Each structure stands twice: as C-alpha cells, then as structure tokens.
Amino acid sequence: MLTLPFIRANQETTIAGLQKKHFANAAEIVAKLIAQDDQRKALLQQAESALEKSNAAAKEIGALMQSGQKELAEGKRAETAALKASIKEMEEAAKAAEKELTDLLVTLPNLPHSSVPQGKTADDNEVVLTWGSVPELPADAQPHWDLIKKYDIIDFDLGNKITGAGFPVYKGKGARLQRALINFFLDEAIKAGYYEIQPPILINEDSGFGTGQLPDKEGQMYVTKEEGLFLIPTAEVPITNLYRDVIVNEKELPIKNVGHTPCFRREAGSWGAHVRGLNRLHQFDKIEIVQIHKPENSYAALEEMSLHVQGLLQKLGLHYRVLRLCGGDMGFASALTYDMEAWSGAQNRWLEVSSVSNFETFQANRLKLRTKVDGKSILCHTLNGSALALPRIVASILENNQGPDGIKIPEVLVPYTGFTHIN
RNA sequence: AGAGGGGUGUCCGAGUGGUUUAAGGAGCACGCUUGGAAAGCGUGUGUAGGUCUCAAGCUUACCGAGGGUUCGAAUCCCUUCCCCUCUACCA
C-alpha cells in the first residue's frame with residue numbers, strides 16, 4: 001500500500017508510476033484520493049474538537065461530584081448529554097471517510113522502480129543475461145510428461161483419483177528427487193546466511209492482507225470452510241507476516257529467512273496449451289527466501305538474492321536467463337522483479353522457475369513493519385524470491401539430462417538423492 | 001470439546017466507574033558522582049492520527065480485538081481471538 005504523505009508530495013511521480021503499470025485512470029484516482037484525504041481530515045478535526053469539549057465537561061462533572069456539588073453536576077450532565085448524539089455522528093462520518101479512503105488506496109499497485117522497462121506483456125520484458133547453452137539432446141528426446149510415465153516417477157492419474165487435476169503423486173525416485181532438491185536448496189540458503197523457518201501453511205485474513213493477496217486475490221487461494229483460513233500460495237505470506245506489527249531493532253537488520261512449504265494455487269482460469277505436466281500445478285513445493293532491510297540497502301539485497309538463485313541454477317547445470325519484468329507484467333506489490341527462466345529442452349521453451357522482487361515499503365506499510373532510525377520510526381523494505389520452486393526445475397532436469405542410460409542426476413544432487421540416474 | 005482462571009507500556013506488575021494525566025519496580029538512554037567502573041542520585045523513556053513552515057506546544061485514539069452502556073470505561077455488558085489449569089480426546 002502506498003502512503004498518503006508520499007502520494008501528496010509526489011503526485012506526478014505517482015501518476016507516472018501507476019501508468020507504467022498500466023493502472024487505468026491514474027490521474028483521476030490520485031486527485032480523488034487527495035480530495036478524500038482532505039475530507040477525512042476535516043471530518044476528523046470536527047469530531048476531535050467535539051470530543052475535546054465533551055472530555056472537558058466529563059472531567060468537570062467528575063470534580064463537581066467529588067466536591068459534593070451534586071446539583072451543578074446534574075445540570076452539566078444534562079447539558080453534555082445533548083453533545084453525545086452529534087459526536088457519534090461526527091465520529092461515524094470520519095470513520096466512513098477513512099474507510100472509503102483506504103478502500104481506494106489498497107487498490108493501487110506499487111510504483112515501479114525507475115529501471116523497470118516500459119511495456120505491457122511478457123514480450124516487453126528485458127533479458128538481463130543468459131547463462132549456459134541449449135543442451136544437445138537425442139533425436140527422440142521426450143517432454144517430461146512422457147518421461148515421468150516412462151520411468152514411473154510422477155503419477156498424475158493417481159493424483160486425479162485421490163484429489164483432482166494438478167495434484168500429482170511423486171513415487172520412488174521421483175519422490176526422492178523432490179526430497180533431495182528441497183534439502184539441497186535449504187542447505188544452500190543456510191550457507192548463504194539465511195535462517196530457516198517452518199511456518200504454518202494455513203494463514204488468516206490479516207496475513208493475506210499484509211503481503212497483498214487480500215482483498216483482491218482471494219479467488220486464487222483455497223479456503224477452509226469452517227475457519228475461513230487460506231492455504232498459502234507461497235511461503236512469502238507466513239514468513240513475511242512473522243514481522244507484521246513489529247518495530248525491528250535496527251541492529252537486527254537485515255533479516256534473512258528461508259522456508260520450505262508446499263504452495264497451493266487455484267489457478268482459476270489460467271489453464272491452456274502451455275500448462276501440461278509439471279508446468280502448472282495446484283500444489284507444489286517451493287523454497288522461499290525473504291529479506292527485510294533498511295531502505296538504503298534493499299536494492300543491493302535484491303542483486304544478492306538474484307545471484308543466489310542464479311548460483312543454484314548454475315550448480316544444477318541448467319541453461320537459464322534472467323529477465324527484468326516490464327511494468328505491465330510485474331506483480332501488484334512489486335517495485336522491481338527479476339524472473340529466472342530455465343530452459344526446457346524437449347518443450348523448447350523457457351520455464352519460469354523463480355521470481356525475485358523488491359517490494360520496498362509497499363508490504364511494510366500494510367504490515368506496519370518498521371524500524372527506528374535516529375529515534376524516528378520508518379517503514380522497512382521487504383524482499384522475497386523463490387530459491388527455488390520444484391516442479392519446473394524437475395521438468396528441466398528430466399528433459400535436459402535425458403540420455404540412453406536414463407536421466408542423469410546433477411552431480412551436486414547425488415549426495416542428496418543417493419543415486420546417479422533415473423532409469 | 002467441557003469447566004474454571006487470565007490477557008495492562010520494552011519486561012514484571014498494581015489498578016472493580018470520576019486528578020489514572022496508568023502506581024511501583026526492572027530494563028534502556030542521558031547527566032551528576034568516580035582515577036575508571038559498579039553502586040548511588042537526578043532526568044527522560046510507547047504507537048498512530050490531527051494542528052503547526054519546522055520544532056516545541058496543544059489535541060484525539062490506543063490496557064488482546066470489535067461493539068455496547070454512561071456526562072465519564074483498563075474497570076460494567078455483549079461478541080470474538082489467544083494463553084494457562086483440570087477433564088475428555090488424540091499423532
């Protein structure tokens with residue numbers, strides 16, 4: 001959530017930023033916000049000065065009662081009783097104005113960083129770098145949805161039976177490969193200074209609001225019927241919300257957390273030709289890294305996170321590229337996002353395997369996550385990224401490493417899997 | 001799940017309708033004291049909003065959360081969340 005003082009002081013920047021994100025009617029909405037804020041302030045002042053009067057009167061009555069001047073007190077009481085109704089009205093008006101204002105404010109996306117390219121769709125994203133080269137595959141190379149059947153390691157039909165589409169069952173070496181990747185990614189993060197967290201995978205409404213999933217995107221999350229709790233779409237939500245309503249001691253920054261969780265996404269309406277097999281699932285495992293910083297350090301941290309993710313891809317030997325997302329393709333809460341895409345040899349296309357973002361103060365403002373600098377409390381910057389999400393990494397490994405003697409497991413994973421080939 | 005007891009500032013903790021303007025203590029910061037330190041003494045010590053050119057000042061709200069009663073609520077009532085004890089259940 002953007003802050004009103006910022007919008008007031010930087011109207012041009014705000015409008016330009018919203019437009020870069022292709023937010024409709026930016027200028028009108030900024031003008032409306034400011035007008036509504038003016039109104040809120042006026043109503044608030046009215047209500048507060050009435051309250052001040054009534055507080056003073058109540059105090060007088062108290063003093064009169066104490067000193068035994070009952071009749072005077074009674075008279076005063078009758079006088080102030082009349083104030084009550086109008087105070088209530090004024091308070092309600094001020095509250096309503098405030099609600100209207102925040103309802104509008106939460107619909108605004110974060111402003112993009114100056115380095116974010118103009119553009120509307122994924123085609124306008126900027127390729128920052130490409131690492132490695134396209135693997136040479138045998139002529140009869142198969143896509144992963146055939147390989148998983150051939151080696152009987154991931155079973156969609158069984159998943160259909162016990163749950164539904166998009167909930168695969170991992171079996172044998174498929175299951176062991178999952179476990180190996182999870183441990184490898186966690187160990188690498190810990191080596192890089194992250195502190196491991198195992199959070200709940202159901203979250204309440206306040207947490208959903210804090211990281212920006214609510215109020216807008218509840219349709220993307222699964223909800224429990226009785227309690228109204230949401231299944232997390234990413235560990236970003238519970239881990240970042242650990243710091244909701246917290247004033248972090250300056251000395252404790254930066255905070256670097258890592259967690260592995262399953263992630264659940266309804267993906268309503270987003271199925272199509274490109275989402276066969278492991279490309280898009282309702283449930284998948286992901287290792288998420290989260291950082292909290294003082295504002296001046298957050299962009300250096302973003303680069304560090306990007307390098308960490310790239311290091312993982314390099315160790316796995318996957319041909320990948322890094323994209324700087326354009327304004328139209330970025331997430332709602334992000335100021336700058338790098339996507340990492342791994343090459344999928346048999347599908348002949350890039351698969352998004354990680355997304356690393358700086359949210360600046362956008363989440364922190366919703367979370368009320370602050371720190372103190374020179375005695376003044378300021379909003380922290382929050383960042384997160386996948387390091388990494390499993391299914392598309394598995395797809396890439398299977399496709400890129402297939403050969404006559406089966407699928408070769410990347411060397412760094414062998415100590416974790418306990419086997420060198422799937423065959 | 002049932003019965004009972006609780007939730008107060010950074011922490012401990014007092015407080016059952018009116019100088020609570022939240023006592024007292026600890027911690028922390030600064031100052032005095034000291035050769036230096038400790039002890040001692042003194043001062044200060046939350047968050048958010050409004051007003052204000054800035055600061056000071058003034059002001060509003062905040063005692064788990066939300067609502068209500070009242071001229072006045074930490075205190076009374078209702079709803080809800082969480083914690084503890086006992087019972088039941090359970091990996």
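Protein chains get the first letters and strands the later ones, always in sequence-line order, with residue 1 at the start of each. Quantities reported herein were computed from a predicted structural model and do not represent experimental measurements.
Counting only distance, with no hydrogens or angles, the side chain of A:T261 and the backbone of A:C263 share no donor-acceptor pair below 3.5 Å. A distance-only check finds a donor-acceptor pair linking the side chain of A:N10 to the backbone of A:F6 [under 3.5 Å]. Looking at A:Q220, its side chain does come within 3.5 Å of a backbone N or O of A:E267 through a donor-acceptor pair.
Rounded to whole Å, the P atom of B:A39 lies 40 Å from the corresponding atom of B:A61. The P atoms of B:G4 and B:U80 are separated by 15 Å, rounded to the nearest whole Å. The separation of B:C28 from B:C76, taken at their P atoms, amounts to 36 Å, rounded to a whole angstrom. Spacing between B:U51 and B:A55 at atom C1', rounded to whole Å, works out to 13 Å. Separating the C1' atom of B:G57 from that of B:U20 is a span of 23 Å, rounded to the nearest Å. Comparing the same atom, P, in B:G27 and in B:A22 gives a spacing of 23 Å after rounding to whole Å. Using C1' as the reference atom, B:C30 and B:U21 are 25 Å apart when rounded to the nearest Å. If you take atom C1' in B:C12 and the same atom in B:A23, they sit 14 Å apart, rounded to whole Å.
Between the C1' atom of B:C58 and the NZ atom of A:K53 lies a distance of 16 Å, rounded to the nearest Å. Rounded to an integer number of Å, the gap from A:K368 NZ to B:A61 P is 19 Å. Remark: P of B:U51 and CG of A:L43 are 13 Å apart, rounded to the nearest angstrom. The separation between A:E48 atom CD and B:C62 atom P is 11 Å, rounded to whole Å. A:E52 places its CD atom 13 Å from the C1' atom of B:A61, with the value rounded to the nearest Å. When the C1' atom of B:G50 is taken as reference, atom CZ of A:R8 falls 12 Å away, rounded to whole Å. In this structure, A:D245 places its CG atom 11 Å from P of B:A48, rounding to the nearest Å. Atom CD in A:E205 sits roughly 14 Å away from atom C1' in B:A65 (whole-Å rounding).
Searching all strands for a Watson-Crick or G-U wobble partner of B:C86 with both distances below 3.5 Å returns B:G2. In this structure B:G44 sits in a base pair with B:C28, meeting the Watson-Crick or G-U test at under 3.5 Å. Across all strands shown, B:C78 is found opposite B:G66 as a Watson-Crick or G-U wobble partner, with both distances under 3.5 Å. B:U16 is unpaired under the criterion used here, namely a Watson-Crick or G-U wobble arrangement in which both key atom distances are under 3.5 Å. As the counterpart of B:A37, no nucleotide is assigned, since no Watson-Crick or G-U wobble pattern has both distances under 3.5 Å. The partner of B:U21, taking Watson-Crick or G-U wobble pairs whose two distances both stay under 3.5 Å, does not exist in any strand shown. Pairing for B:C54 is absent, judged as Watson-Crick or G-U wobble with the two contacts each under 3.5 Å.
Listed by first and then second residue, the side chain to side chain donor-acceptor pair (under 3.5 Å) pairs involving residues 169-180 of chain A are A:D152-A:K171, A:D155-A:K171 (not counting sequence neighbours).
Between A:F156 and A:F167, the gap from one ring centroid to the other reaches at least 6.0 Å.
A:Q45 has no side-chain polar atom (N or O) that falls below the 4.0 Å cut-off from OP1 or OP2 of B:U60. The phosphate of B:G67 has OP1 or OP2 within less than 4.0 Å of a side-chain N or O from A:K95. OP1 and OP2 of B:U59 both lie 4.0 Å or more from every side-chain N or O belonging to A:S49. Look at A:R40 and you'll find a side-chain N or O under 4.0 angstrom from OP1 or OP2 of B:G50. Proximity of A:K372 to the phosphate of B:G46: no side-chain N or O atom is located under 4.0 Å from OP1 or OP2.
The shortest side-chain heavy-atom distance between A:Q213 and A:M221 falls under the 4.5 Å cut-off. Residues A:R392 and A:E341 form no side-chain contact, since every pair of their non-hydrogen atoms from C-beta on lies 4.5 Å or further apart. At least one side-chain heavy atom of A:N241 sits under 4.5 Å from a side-chain heavy atom of A:R244.
Comparing atom distances between the A:L44 side chain and each of B:U60, B:G49, B:U47 picks out B:G49 as nearest.
In terms of heavy atoms, A:N257 sits closest to A:I255 at ND2-CG2, 3.8 Å.
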(Q) Before you tell me yes or no, could you show the steps for A:H113 and A:Y299 under ring pair (Phe, Tyr, Trp, His ring centres under 6.0 Å), namely the whole-Å CA-CA distance, both residues' side-chain angles and the distance that decides it to 0.1 Å? (A) CA-CA 10 Å; A:H113 186 255; A:Y299 278 96; 4.3 Å; yes
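For the residue pair A:T382 / A:Q363, a side-chain donor-acceptor distance below 3.5 Å is found, with atom types taken as modelled.
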Could you run down the sub-3.5 Å N/O contacts of the protein with nucleotides 89-91 of chain B?
none

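Taking the charged nitrogens against the carboxylate oxygens, A:K41 and A:E48 have no contact shorter than 4.0 Å, which rules out a salt bridge.
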Q: Sugar-phosphate means primed atoms, P, OP1 and OP2; the rest is base. With that split, encode nucleotides 69-82 of chain B 5' to 3' as B, S or - using protein heavy atoms under 4.0 Å.
A: -BBS----------
